[in-house]
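One-based numbering, in listed order, for ligands and for the atoms of each.
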Amino acid sequence: MHKETRSTCPYCGVGCGVIIESRREQIIGVRGDPDHPANFGRLCSKGSTLHLTAAPEVTQQTRLLQPLLRQRRGAAPQPLAWDAALDLAALRFADVIRTHGPDAVGFYVSGQLLTEDYYVFNKLAKGLVGTNNIDTNSRLCMSSAVAGYKQTLGADAPPACYEDVDHADCLFIVGSNTAWAHPILFRRIEEAKKRKPGLKIVVADPRRTDTAACADLFLQIQPGTDVALFHGMLHIMLWEGWTDAAYIAAHTTGFDGLKATVRDYTPDTVAQTCGIPKDALYQAAQLFATSPATLSLYCQGLNQSSSGTAKNAALINLHLATGQIGKPGAAPFSLTGQPNAMGGREVGGLANLLSAHRDLANPQHRAEVAALWGVPSVPERPGKTAVEMFQAAADGEIKVLWIACTNPAQSMPDQATVRRALQRAEFVVVQEAFATTTTADLADLLLPATTWGEKDGTVTNSERRISRVRPAVPAPGAARHDWRIAVDFARRLQGLDIGPQAELFPYDSPESIWNEHRASTRGRDLDITGLDYAMLEAGPRQWPCPADPAGGGNDDGNATALPSPRRDFGKARLYEDGIFPTADGRARFANVGYRPVAEPRDARYPFALTTGRLRDQWHGMSRTGTLGRLFGHVAEPAVQMNAGDMARRGLHEGDLVHVTSRRGSILVPLQASAEVAGGQAFIAMHWGSEFLGGMSSAGQPLAGVNALTTSAYCPDSRQPELKHAAVKILKAELPWTLLAMAWLPTGTALRTREALRQLLVRFPYASCVPFAKAAPLSGAAGPQRTGLLLRAAAHEAPPEELLVQIEALLGLDDAGVLRYADRKRGQRRTARLQQTGAHTTLTGILLGGDTRAEAWIRALLQDELPAQSYGRLLLLPGAAAPVAVPPRSRQVCTCFNVSAAAIESTLAQCNGSESERLATLQQALQCGTNCGSCVPELQRLVRLTPPLAQAA
Ligand code: SF4
């Protein structure tokens with residue numbers, strides 16, 4: 001029977017509503033929920049392919065379906081029953097707690113857990129085990145935003161909503177590539193601009209991203225100089241009389257101190273520090289202050305910084321100084337990276353927080369939470385935050401780790417320390433949906449968890465909107481819900497006399513957990529006592545929505561009771577009355593100073609490496625990385641550099657380079673990019689050792705981009721500076737190269753990739769990614785044809801046995817393949833041609849030693865072009881491209897499989913204004929007419945291609 005289930009997208013903090021289509025307990029489709037106010041029916045390239053990641057031919061290869069135990073590190077894990085697995089985990093944890101105390105235990109969870117999961121984990125650590133050592137990957141994502149809001153506005157509450165985009169006259173986007181990281185919000189920005197051409201978009205970012213390309217004013221600042229930029233803008237505002245003296249006097253404190261500080265941030269000094277023209281700084285200040293309504297949108301560029309809290313606070317200062325807050329279209333609006341980073345904050349799922357925005361450091365808050373939970377006390381000792389937790393495990397202080405729904409061996413900075421921690425810990429439990437993460441490889445005990453499409457509970461998006469997550473299909477195999485696993489483990493610990501013996505986990509459903517969470521919010525700024533699951537059935541709601549609109553506020557002795565206008569049911573916008581949740585009801589200016597990045601570049605490490613997202617990938621790619629079609633836009637790992645820097649250093653496109661920081665080194669191909677400024681480099685955050693590997697000359701496996709990043713963190717938020725590291729970039733001399741590609745039988749490519757992944761360390765450099773010939777999404781319900789691309793490089797030809805293994809895994813070992821080998825010269829060619837009807841196509845190839853023919857051979861294989869006449873040429877080292885086979889072009893539109901070459905050739909025939917040419921292009925090729933994720937890039941290509949009349 002065909003069934004439709006309303007749920008939420010599990011990727012970014014936009015929190016789009018989805019309708020999952022299923023038949024016979026199998027997810028078969030997904031579309032945007034037209035009634036969900038975050039997206040009104042739209043989905044981006046990631047959300048619109050969710051159902052493909054849940055297809056059986058994918059999940060059978062990637063999911064963890066039963067508990068597994070590794071008897072020793074490095075050994076293959078063996079299945080065991082759930083009871084045995086949980087008994088073992090409880091015994092190991094209880095033993096450590098008794099011997100070394102509760103702080104020898106660490107829980108590292110995830111912003112992708114649901115609020116209910118999060119709540120139980122927090123109670124398990126702080127209420128039962130008696131440790132505050134519970135932190136989450138949200139620490140890497142938004143803890144600076146939390147600290148920034150609390151320091152200035154008094155509470156961790158984003159004051160805006162998405163609708164404010166429609167009301168704004170100026171959008172100040174800083175440290176956010178919204179076009180790629182929050183695509184559906186960016187669609188809203190595009191529409192607002194279309195409706196209101198006077199809307200000004202100001203973007204500040206070290207990279208000229210697709211978001212920057214859409215700006216009216218782009219400030220290409222030096223990495224980490226945001227506080228100087230904001231102070232420089234305030235300096236100009238003060239000089240020009242653009243601040244709002246009445247608002248400052250009525251609703252804030254601390255302005256005089258800040259005024260004295262920003263006196264030193266003269267336009268000359270700031271222009272030089274930020275590397276921007278003075279008049280651009282002036283324009284930014286003017287637009288921000290004098291537009292009727294200015295909305296700031298910001299994300300990891302501010303948060304992932306050693307001065308992340310100062311950056312957030314300095315930006316909020318601008319809103320307070322100009323009165324750009326508490327009215328439609330005006331607010332500082334932090335965009336959360338993860339789907340439920342907000343929910344995690346709400347239940348206090350961080351080492352320094354407690355339920356319902358309470359602070360661990362506050363004795364009254366600890367007492368309140370202890371009373372709520374029915375435990376004697378909540379421990380006072382501060383817990384270890386993410387970086388501190390893994391450092392403590394590496395030092396032997398934390399002895400057992402429980403990791404849920406996250407992949408720290410990919411996502412944490414300074415991977416050398418993280419890997420040491422996972423190796424040194426006596427027992428590592430990984431609770432996961434996917435068996436394919438590097439962290440899973442390093443676990444002792446693996447517990448299979450449910451994931452999107454199977455889970456039941458709630459999430460909160462960036463605009464404080466709580467949405468239901470609903471199951472469309474039952475849990476596969478022996479997988480269990482995250483909250484259920486945590487509860488079963490907790491009960492076992494109690495059975496071993498650990499912690500209070502009262503019934504602390506009486507839950508039988510996510511709703512019963514949520515009801516307890518709801519009770520904990522009474523009287524707090526996020527009060528949801530007026531809401532229940534039944535009301536959420538009717539649609540998502542924003543907090544606060546208290547049962548008693550007259551009461552409440554953060555009643556912790558340093559906050560005011562909030563007047564009734566704040567107590568409306570489901571509040572879209574906060575602080576409209578100018579009253580803030582602080583002791584005196586006033587917002588506080590934060591008198592912060594500019595501090596440069598933790599690791600400025602120098603003569604030894606002359607490049608500033610920044611990291612960021614790709615358009616079609618999500619985090620460590622455990623889900624998006626299963627779809628070849630999502631590798632069409634960016635097919636392989638690369639480090640991007642400015643063409644000028646490359647020319648000065650004698651480097652060329654495609655050169656393999658060592659990128660080295662003070663902590664580690666990786667090898668990666670080089671790519672020229674006009675987005676990257678001189679003296680800088682960029683690597684996407686997604687490339688971990690799941691896709692990018694190799695072995696260093698010292699015999700250490702290469703750990704992906706976070707081998708380079710620093711764990712230096714913000715002293716207030718403890719969020720590490722993942723966005724910036726000083727690196728050197730040197731050409732690698734690895735003359736022997738390998739390219740192996742093949743289409744694989746349905747349902748085997750991802751398993752084959754796992755087998756190939758084990759071989760990556762046999763080369764100094766290697767990467768392995770899937771690819772697909774993406775059918776239009778509307779017709780993509782059937783199995784996705786997937787292939788694999790393995791690239792490697794070495795000083796000399798590797799042992800033949802290794803190449804034979806690769807050939808066998810790629811199906812290049814049967815009698816019918818064409819072969820050429822010259823061992824003396826290190827050359828090897830293997831090609832598999834397949835006849836289907838009258839056509840012969842190339843379905844697999846291995847080029848070993850000389851890969852110069854890659855461009856045309858890759859086109860032949862990936863585009864399935866007729867190949868009958870190229871048999872001999874395929875075996876010839878360095879064979880030139882036949883005229884009939886043009887090199888492959890990058891895919892721009894994933895939904896309709898439209899390449900950059902097709903777009904450029906169509907545009908070459910177009911005339912008219914930019915919007916007319918975009919319309920003609922979309923009509924001709926359909927690109928950008930489905931999810932719209934490629935529209936910013938299409939606009940850029942339109943701008944770069946002169947109209948036909950002009951070209952002639
Ligand atoms: Fe999902 Fe894309 Fe919406 Fe983010 S913008 S929630 S990734 S569909």
Side-chain angles (χ1 to χ4, degrees), residues 6-21 27 29-54 111-114 141-142 158 161-162 165 173 176-191 210-211 297 299-300 333-343 451-453 455 458-470 472 540 612-627 629-630 633 684-686 777 893-895 928 930-937:
R6 283 198 146 81
S7 190
T8 310
C9 173
Y11 293 127
C12 82
V14 177
C16 296
V18 298
I19 296 176
I20 307 171
E21 296 165 35
I27 292 174
V30 70
R31 62 181 197 276
D33 181 349
D35 297 325
H36 198 292
N39 57 319
F40 296 109
R42 298 193 117 142
L43 294 176
C44 74
S45 52
K46 297 181 282 282
S48 58
T49 48
L50 269 168
H51 60 300
L52 303 177
T53 68
Q112 286 163 68
L113 290 175
L114 308 188
C141 169
M142 47 29 58
C161 59
Y162 297 146
V165 168
I173 305 177
S176 161
N177 185 8
T178 323
W180 285 17
H182 297 96
I184 294 306
L185 181 60
F186 201 74
R187 301 286 83 75
R188 200 161 184 155
I189 294 172
E190 288 166 347
E191 275 165 17
D210 272 1
T211 307
L297 301 170
C299 196
Q300 310 307 357
F333 192 4
S334 71
L335 305 175
T336 43
Q338 301 204 75
N340 198 32
M342 288 285 288
T451 185
W452 177 84
K455 287 180 75 104
T458 59
V459 288
T460 310
N461 73 2
S462 298
E463 58 168 357
R464 293 172 281 108
R465 193 178 295 281
I466 303 170
S467 294
R468 283 282 278 118
V469 170
R470 295 183 182 90
R613 292 178 195 271
L614 295 176
R615 191 192 73 187
D616 295 345
Q617 299 294 352
W618 174 253
H619 283 194
M621 302 195 278
S622 46
R623 182 186 294 277
T624 52
T626 61
L627 298 183
R629 65 182 299 135
L630 293 182
H633 189 233
M685 62 177 277
H686 314 286
L777 206 50
C893 173
T894 307
C895 296
N930 184 44
C931 78
S933 295
C934 63
V935 170
E937 189 167 353

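Under the ring-ring contact (aromatic ring centres under 6.0 Å, His included) criterion, Trp452 pairs with no residue, sequence neighbours left out. For Pro339, the side chain to side chain contact (heavy atoms under 4.5 Å, CB included) partners at least two apart in sequence or on another chain are Gln112, Trp618. Residues passing the side chain to side chain contact (heavy atoms under 4.5 Å, CB included) test with Cys161 are Glu163, Asp164, Glu463, Gln542, Ala572, Arg573, sequence neighbours excluded.
Using a distance-only test at 3.5 Å, with no hydrogens or angles considered, no donor-acceptor pair links the side chain of Ser48 to the main chain of Val30.
Proximity of Thr53 to Leu627: side-chain heavy atoms (C-beta onward) are separated by under 4.5 Å at one or more points. Looking only at side-chain heavy atoms (C-beta outward), Ser462 and Phe333 come within less than 4.5 Å of each other.
Nearby protein atoms of type N, O or S around atom 3 (Fe) of ligand 1 amount to 1 (distance under 2.8 Å).
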